[in-house]
Each structure stands twice: as structure tokens, then as C-alpha cells.
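What follows is a single structure, written as C-alpha cells, with notes after it.
Order of the sequence lines sets the chain letters (A, B, ...), proteins ahead of strands, with each chain counted from 1.
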Amino acid sequence: MTLLEFARGPALQWSTIILVLGLILRIAGAWLLAHDKDYSRPRVDAAWRGGLRAVFSRFWPHQPFVRQTWFHILAGYVLHVGLFVVVFLYAPHIAFIRDLTGLNWPGLPANLVLFVGALTAASLVAFFVRRLVHPVMRTISTLDDYLSNLITLAPLVTGILAYAHFGGRYETLLAIHLLSVSLLFVWIPLSKLAHVITFIPSRFQLGAWLGRRGVKA
Amino acid sequence: MAVDEKDFQMFREGTQQLASMAPPSTMPDERRVEVAKTTMLAKLTADMAFELESCVHCGQCAEACHFYQATHDAKYTPIRKLDLLKRVYRREQAPLRWLHRLYTPDVTIDDLHEWQELVYDSCTECGRCFMVCPMGINIAAMVNVNRQAFANAELMPAELRALEMEQGSGYSLFGMGPEQVEGFLTHLRDSGVNVRMNESGVDYLLLTSVVEIMIFRDALLATIRVLEHLGLSWTIHCEGYEAANFGMLSGVEAVQKVAGDRVVRAVKASGAKTVLVPECGHAYPSLRWDQANLDARGQDFEVLTVSEFLGREVEAGRLKLRPIGKGKKVTFHDPCKLGRHSGVFHEPRVVLEALGVDFREVESSQELNWCCGGGAGVFLLNRASGLRQGAWTIKQQQLDATGADSVVLSCASCRLNFMNGARAAHWDKGIESLVELAAAQLAD
């Protein structure tokens with residue numbers, strides 16, 4: 001078995017299994033803790049509406065916070081939208097998913113995806129530097145934050161290198177790229193990157209809690 | 001409507017003596033750590049777990065916190081105040097606890113001592129941080145869990161310990177118990193105020209507070225005037241008259257329940273359908289939201305704060321107010337516990353509109369309003385005076401930007417903190433009570 005065969009086969013399969021099972025464990029483990037019944041009279045019925053609203057409204061901060069949090073808005077949107085574009089709108093990725101699932105959709109031109117990938121990588125570098133230099137972020141950062149940043153950056157960098165055929169044989173570069181994706185898949189459920197899924201219940205509970213009190217989250 | 005300076009000064013001096021009145025704690029350090037951790041684990045819910053699982057350490061909460069903004073000291077970053085809770089959760093309850101234990105240090109007595117300032121002195125549980133958090137983490141609620149853990153470990157600030165012990169043991173506060181309160185109310189009645197005491201079969205149970213009796217008597221008189229003007233049946237009941245709850249503020253749930261239960265007993269004794277909470281920020285959520293959960297059953301009475309009551313009466317057309325006129329330029333401060341925590345935004349504005357004043361909304365208002373810096377008992381902590389004043393400066397700037405001549409309040413704790421802050425900063429704008437303004441304009 002070549003390195004590429006390993007990366008395409010067992011590495012990706014097992015890391016995907018770990019990703020799915022790990023996220024289920026993270027969600028289930030939290031869910032199994034106590035659910036306190038709220039006996040107080042709600043100001044507004046159907047608190048779930050407030051919860052649902054918060055899941056979406058927290059994609060953008062309230063107006064008074066926009067100026068103060070501009071870095072997070074800018075870098076955060078570049079990072080998250082960039083990752084979506086690179087993962088789901090790059091033709092070879094779409095082909096890979098099509099082979100696995102049968103689903104297919106049109107992609108974007110490779111050069112455009114490459115540009116977006118570079119921007120996305122730059123946003124991660126910006127976050128990394130800000131963690132090092134901003135007093136608040138430096139104080140509250142943990143090893144998880146730095147490793148999560150680097151492990152998310154790795155598939156972007158290796159992907160760009162593979163696309164450019166730069167730094168080695170294409171098969172080797174592609175294998176390294178796929179292995180870095182596998183590493184990310186394993187890391188997500190072990191780290192703060194689990195927020196890819198936990199942000200939903202987290203936002204929902206605050207929105208519902210405030211919603212039954214008549215406050216918009 | 002003027003506050004007697006001597007009363008205010010006496011109250012301030014009284015708060016400065018509080019710390020010396022608290023009995024020293026003799027709990028061994030090992031026991032403190034154990035008790036704190038056990039309390040945290042008992043109080044952690046699934047909702048909190050999701051929140052702790054979701055934090056990405058972005059630090060945006062610092063932008064919303066008046067204590068961080070006033071000091072620019074990163075240790076006051078709101079999410080950092082939950083570090084101990086996070087560590088206990090990760091080591092003991094998180095799905096990946098087997099992994100977290102390898103690199104997450106256990107909580108020590110030194111940690112508890114260091115974090116005491118973070119969960120008491122530098123957090124008013126105002127909740128502005130949860131309004132900015134992209135993950136929706138309710139930091140204020142979890143700081144309260146920390147307070148409960150610290151309180152059970154007898155690590156709360158001495159001022160709060162003195163008051164919660166006084167309220168828990170004998171129902172007095174600042175040395176003022178049921179006898180003194182009954183004496184005060186009798187004195188009021190003798191001087192011509194129609195104080196209704198210990199009546200039954202009424203619709204409204206009116207609460208008061210030691211702060212109202214000691215300093216803001218005009219607010220109590222104003223509330224009584226409105227109730228009488230509306231011809232409502234009401235009473236103050238000596239079984240449960242105190243709205244303030246130092247069990248809630250200090251984190252001692254047992255005392256919070258004792259104080260709340262007294263009100264519930266007064267509701268039963270009076271037959272009231274509605275509890276009217278005076279201008280007291282924390283008293284409202286304690287009775288409106290917490291008490292039913294402490295009782296673990298639904299309440300068969302309604303809880304209204306006085307600004308909410310006034311607004312409803314105005315909207316229903318039962319309470320008519322004579323307009324003051326646009327010459328009076330006012331702004332309004334939404335108390336965090338009434339606004340952001342309880343949704344009372346509309347009603348006080350209805351009252352101000354009925355008063356016909358030139359009302360100027362602050363920038364970043366209502367659920368995004370800046371806290372005054374004195375809530376959740378912080379006003380009483382002597383060592384927090386610097387932090388408090390720094391936070392109040394932000395409030396002052398927010399108010400000044402409106403161009404208003406005075407700020408209207410509906411919370412006695414905020415009012416105390418405003419008076420204190422204004423005095424230190426030589427701020428010369430008016431600080432007024434909503435119910436006093438309304439009672440002065442009752443239309444025939």
C-alpha cells in the first residue's frame with residue numbers, strides 16, 4: 001500500500017469515523033447532564049422561537065459591538081466562508097464527494113478557489129498572531145487554541161502546495177494533504193473545533209432562556 | 001423627592017462597617033476546595049455544558065464588560081471568570097474527561113482565593129457579555145454558580161457574608177428587623193400616610209426594602225400614593241415585606257429561599273394575587289424567576305416590579321399622569337436585572353412618554369445597556385470601590401452623550417451607585433426615581 005493509498009483509504013475512513021463518533025460523544029455527554037425544569041411563569045410563550053432566532057442572529061453582532069469586534073467579524077467571516085468555498089466548491093473535492101455519495105454540484109474556477117484558500121490561510125495566521133499579541137486573547141488562550149489553528153491551517157497549506165505541485169512529487173503532496181485532512185477530522189471532536197456543531201445548542205439555550213423572559217438574544 | 005444626605009452618609013458608613021461584622025470562617029482549606037468543586041458539579045446543567053463545550057476563546061466578551069473596559073486588565077475578561085468552573089467540568093463531567101485530566105490542572109485553594117475577586121468584585125452578573133458572545137454563553141448565570149460554590153466554601157466577601165447571615169438567621173438587615181419596620185410603618189400611618197398593614201383579602205402585596213426605608217422613603221411613599229390613587233386593595237405584610245435578597249447576591253441558595261419563602265408566606269396570609277416589588281433590581285428576578293424554581297413548583301401569584309406595574313396601568317388607561325413638559329430632558333437607565341435579565345423595557349418608557357418629558361435614549365440601550373457597576377452586591381464591597389468607580393465612568397459618559405439633565409432610575413441599588421459615583425466624579429446631573437416622578441404627576 002502506497003502512502004497515497006493509505007491516505008485515501010484507511011486514514012480517511014478511520015478519521016471520518018472518529019469525527020462522527022467523537023462529535024456524537026461530545027453532544028451526548030453534555031446532553032446527559034441535568035435538564036432543570038423551569039417552573040417560573042414565562043413572559044413569552046414558545047421560548048424555542050427565541051432559541052431558534054439566536055442560532056441565526058448570533059452570526060452577526062448587535063450594532064454597538066460591531067466597531068469593537070471588527071477583527072473577529074472580518075477574520076471570522078473570511079475563515080468560515082473561505083473554508084466552505086474551499087471544501088465544497090473546489091471541483092476535485094466535489095468529485096471526491098460525488099464518488100463517495102453520488103451527490104454532485106457545480107464548482108468554482110480553480111484559480112478563484114486558490115485565491116480564497118490563500119485568504120483563508122491568511123485569516124488563520126492573523127488569528128494566530130492576534131492570540132500572541134492581544135492581551136485578552138493571550139490571557140485566555142490554551143494549547144488547544146494554538147493547535148486548533150495550526151491543524152486547520154495544515155490542509156489549506158498542503159492543498160495549495162499540492163495544487164501548485166510545489167515541494168515534492170504530486171502523489172506525495174496529495175497524500176500529505178489527505179493526511180492533514182485526516183488529522184483535522186480526528187482533532188475536531190477532541191478540541192474546541194467541536195464548536196462546528198455545539199454552537200447550535202449553545203446559542204439556542206441562551207436565546208430560549210432570554211426568549212421566555214421577553215428579551216431578544 | 002430629595003434624598004436626605006445624612007441618611008445616605010449614614011448608610012455608606014454602615015456599609016463600611018459590614019466587613020467587621022462577619023464572623024471569621026474556620027473551614028479548613030481542603031474542605032473549601034472540596035465543597036466548591038462539589039457545588040459546581042451539582043449546579044452544572046446540560047445547557048451550561050453545551051456553553052462550556054462551545055467557547056472558542058475569542059475574548060469578545062471583554063468588549064462588553066464595563067470592568068474590563070474601565071481597566072483594560074485582561075484578568076477581568078468575563079469568560080476567564082469561568083476558568084475554575086471550566087476546569088472542574090472538564091476534569092469531572094465532560095465527555096472527554098479522561099483526556100482533559102492529562103493536562104487540565106485541578107482547582108486549588110490558591111485558585112479559589114484568586115478567583116474570589118473575579119466572581120464577586122469584578123462581576124455584577126449584568127449579562128452584557130452574553131449579548132456579544134457569538135456562542136451564546138451565559139457567563140452571568142455561570143458566575144452565579146461560581147458564587148454559590150464560593151459561598152458554600154465560606155469564601156464570599158465579608159460584607160455579603162455579614163448580610164446573608166443576618167437575613168438568614170433573623171430576617172433583619174442592617175439591624176432593621178420586623179419590629180423596626182412595623183414601627184416605621186406605624187409612624188408613617190400616624191403621620192397621615194395611608195399605610196395598609198397586615199391586611200388580608202387584598203389584590204396586591206407591596207414589598208419594600210431596607211434601603212427604601214433607610215434612604216429612599218420617598219419612593220415607598222410614592223408607590224403607596226399611586227396604589228391609593230388607583231383605589232387598589234393592597235397591603236404590606238410583616239410576614240414578608242423585604243424585597244432585597246442577600247442570599248441571592250452572596251450565592252447562599254438556602255438564604256435566598258428563606259427570604260423568598262417569607263414573601264410567599266405573606267402572599268398566602270394576605271391572599272394577594274400580585275406581588276409588587278419596589279425599585280430594587282435583583283429582588284425582581286429573585287422572586288419573578290428564581291423563587292418558583294427554588295420551590296420546584298409553579299407560582300399562583302404574579303410578580304411585578306413597580307416600573308412594570310406603572311407602565312401597565314398607564315397603558316390600560318387607569319393611571320393618568322399630568323405631563324411635565326418637554327423642558328425636562330431625561331434619559332433612562334435600564335437596570336440589568338430588570339431589563340436584560342427580565343424583559344422590563346417597554347413599561348418604564350410608557351410612563352416617561354405619559355409624563356411628556358423630552359426623553360433621550362442612550363446609545364447602546366435596553367438589552368445592550370451598560371451596567372452602572374454596582375449591581376449583584378458589588379456596591380457593598382469596600383475593596384471594589386476603584387473598580388466600581390471606573391465602571392460608573394463609562395455609565396456617566398453614556399448618559400452625558402444624551403444631553404439629558406437627569407437620569408431616571410427604577411432600581412435602588414443603581415440609584416445608590418449613581419449617587420456614589422456622581423459624588424466622586426462631581427457629576428451634577430439629576431438622579432431621579434421613576435415612581436417618584438410618576439406619583440408627583442397623578443392626574444385627578
Side-chain angles (χ1 to χ4, degrees), chain A residues 22 25-41 43-44 54-55 58-59 61-65 68-69 72 76 131 134-145 148 189-190 192-195 198-207 209-210 213-217, chain B residues 44-60 62-64 68 72-75 77 79-80 83 93-96 99 103 130-138 141 285 288-293 295-299 302-303 339-345 363-364 367-368:
Chain A
L25 180 69
R26 288 284 288 268
I27 293 284
W31 183 259
L32 288 173
L33 290 180
H35 290 263
D36 286 351
K37 179 174 163 55
D38 195 337
Y39 292 93
S40 63
R41 283 186 192 181
R43 185 181 295 282
V44 175
V55 170
R58 287 295 163 108
F59 280 118
H62 291 284
Q63 193 54 36
F65 299 129
Q68 290 163 295
T69 59
H72 292 277
R131 275 203 187 281
H134 192 282
V136 166
M137 288 190 81
R138 194 173 61 232
T139 301
I140 61 175
S141 292
T142 63
L143 188 61
D144 180 356
D145 296 305
S148 292
L190 297 177
K192 71 164 190 176
L193 297 183
H195 78 267
T198 57
F199 86 92
I200 298 171
S202 183
R203 286 181 184 178
F204 183 90
Q205 62 73 30
L206 179 74
W209 185 80
L210 288 173
R213 294 171 178 228
V215 180
K216 283 182 183 168
Chain B
L44 271 164
T45 63
D47 286 346
M48 293 176 191
F50 280 126
E51 296 169 55
L52 295 175
E53 293 279 352
S54 301
C55 182
V56 291
H57 297 159
C58 66
Q60 292 180 65
E63 301 298 337
Y68 170 75
H72 286 282
D73 186 336
K75 75 174 178 178
T77 304
I79 196 67
R80 186 170 177 271
D83 259 15
Q93 277 187 337
L96 300 180
L99 180 67
Y103 52 84
F130 64 55
M131 296 307 293
V132 72
C133 177
M135 295 294 152
I137 300 174
N138 192 340
R288 175 73 176 81
W289 307 111
D290 292 356
Q291 184 61 31
N293 292 315
D295 284 341
R297 60 185 172 83
Q299 286 174 335
E302 186 181 29
V303 180
R340 192 155 41 235
H341 283 253
S342 300
V344 182
F345 298 118
E363 199 190 342
S364 193
E367 63 267 58
L368 304 177

Please classify the contact between A:F199 and chain B as side chain, backbone, both or neither, with a heavy-atom cut-off of under 4.5 Å. both
Who wins among B:C58, B:S364, B:G298, B:G59 for the most heavy-atom pairs under 4.5 Å with chain A? B:C58
Could you tell me which of A:G29, A:A28, A:G214, A:A30 has the largest number of non-hydrogen atom pairs under 4.5 Å with chain B? A:A30
Residue selection (most heavy-atom pairs with chain A, distance under 4.5 Å) from B:L368, B:L96, B:N293: B:N293
Out of B:C133, B:P285, B:A62, B:A64, return the one with the most heavy atom pairs under 4.5 angstrom to chain A. B:C133
Identify which part of B:A141 has an atom lying under 4.5 Å from any heavy atom of chain A, answering side chain, backbone, both or neither. neither
Tell me, do B:L52 and B:L44 make a side-chain contact under 4.5 Å, heavy atoms counted? yes
Using modelled atom types and a 3.5 Å cut-off, is there a donor and acceptor pairing between side-chain atoms of A:H62 and backbone atoms of A:A217? yes
Pick one of side chain, backbone, both or neither for A:I200, based on which atoms fall under 4.5 Å of a heavy atom in chain B. neither
For B:Q60 against B:V132, the heavy-atom pair lying closest together: O-CG1, 3.6 Å
Among B:E53, B:R340, B:E367, B:K75, who wins on heavy-atom pairs under 4.5 Å with chain A? B:E53
When you measure from the side chain of A:R213 to the backbone of B:S342, do you find a donor-acceptor pair of N or O atoms at a distance under 3.5 Å? no
Heavy atoms only, distances under 4.5 angstrom: which of B:P95, B:A292, B:A74, B:A46 has the most pairs with chain A? Name it, please. B:A46
Distance-only, no hydrogens or angles: does the A:Q205 side chain make a donor-acceptor pair with backbone N or O of B:D47 under 3.5 Å? no
Between chain B and each of A:M137, A:R138, A:Q63, A:H134, count heavy-atom pairs under 4.5 Å; write down the option with the most. A:M137
Are side-chain N/O atoms of A:D145 and A:S148 paired as donor and acceptor at under 3.5 Å? no
Under a 4.5 Å heavy-atom cut-off, does chain B meet the side chain of A:L32, its backbone, both or neither? neither
Non-hydrogen atoms of chain B under 4.5 Å away: do they reach the side chain of A:A54, the backbone, both or neither? neither
Is B:E51 reaching over with its side chain to a backbone N or O of B:M135, donor-acceptor style, under 3.5 angstrom? no
Best-contacting candidate, A:R41, A:R131, A:K37, A:K216, against chain B by heavy atom pairs under 4.5 angstrom: A:R41
Most contacts with chain B, counted as non-hydrogen pairs under 4.5 angstrom, among A:I27, A:L25, A:D38, A:L143: A:D38
Residues, nucleotides or ligands: over 12 heavy atoms within 6.0 Å of B:E302 CD: yes
One option among A:L193, A:I140, A:T142, A:V44 has the most heavy-atom pairs under 4.5 Å with chain B, and it is A:I140
Looking at A:H35, A:K192, A:H195, A:R58, which has the largest count of heavy-atom pairs under 4.5 Å with chain B? A:R58
Could you report the tightest heavy-atom contact between B:Q299 and B:Q291, atom names first, then the distance? NE2-CB, 3.4 Å
Checking A:R203 side chain against B:P134 main chain: does a donor-acceptor pair fall under 3.5 Å? yes
Where on A:L210 is there a heavy atom nearer than 4.5 Å to chain B: the side chain, the backbone, both, or neither? side chain
Tell me whether the rings of A:W209 and B:H341 are parallel (<30°), tilted (30 to 60°) or perpendicular (>60°). perpendicular
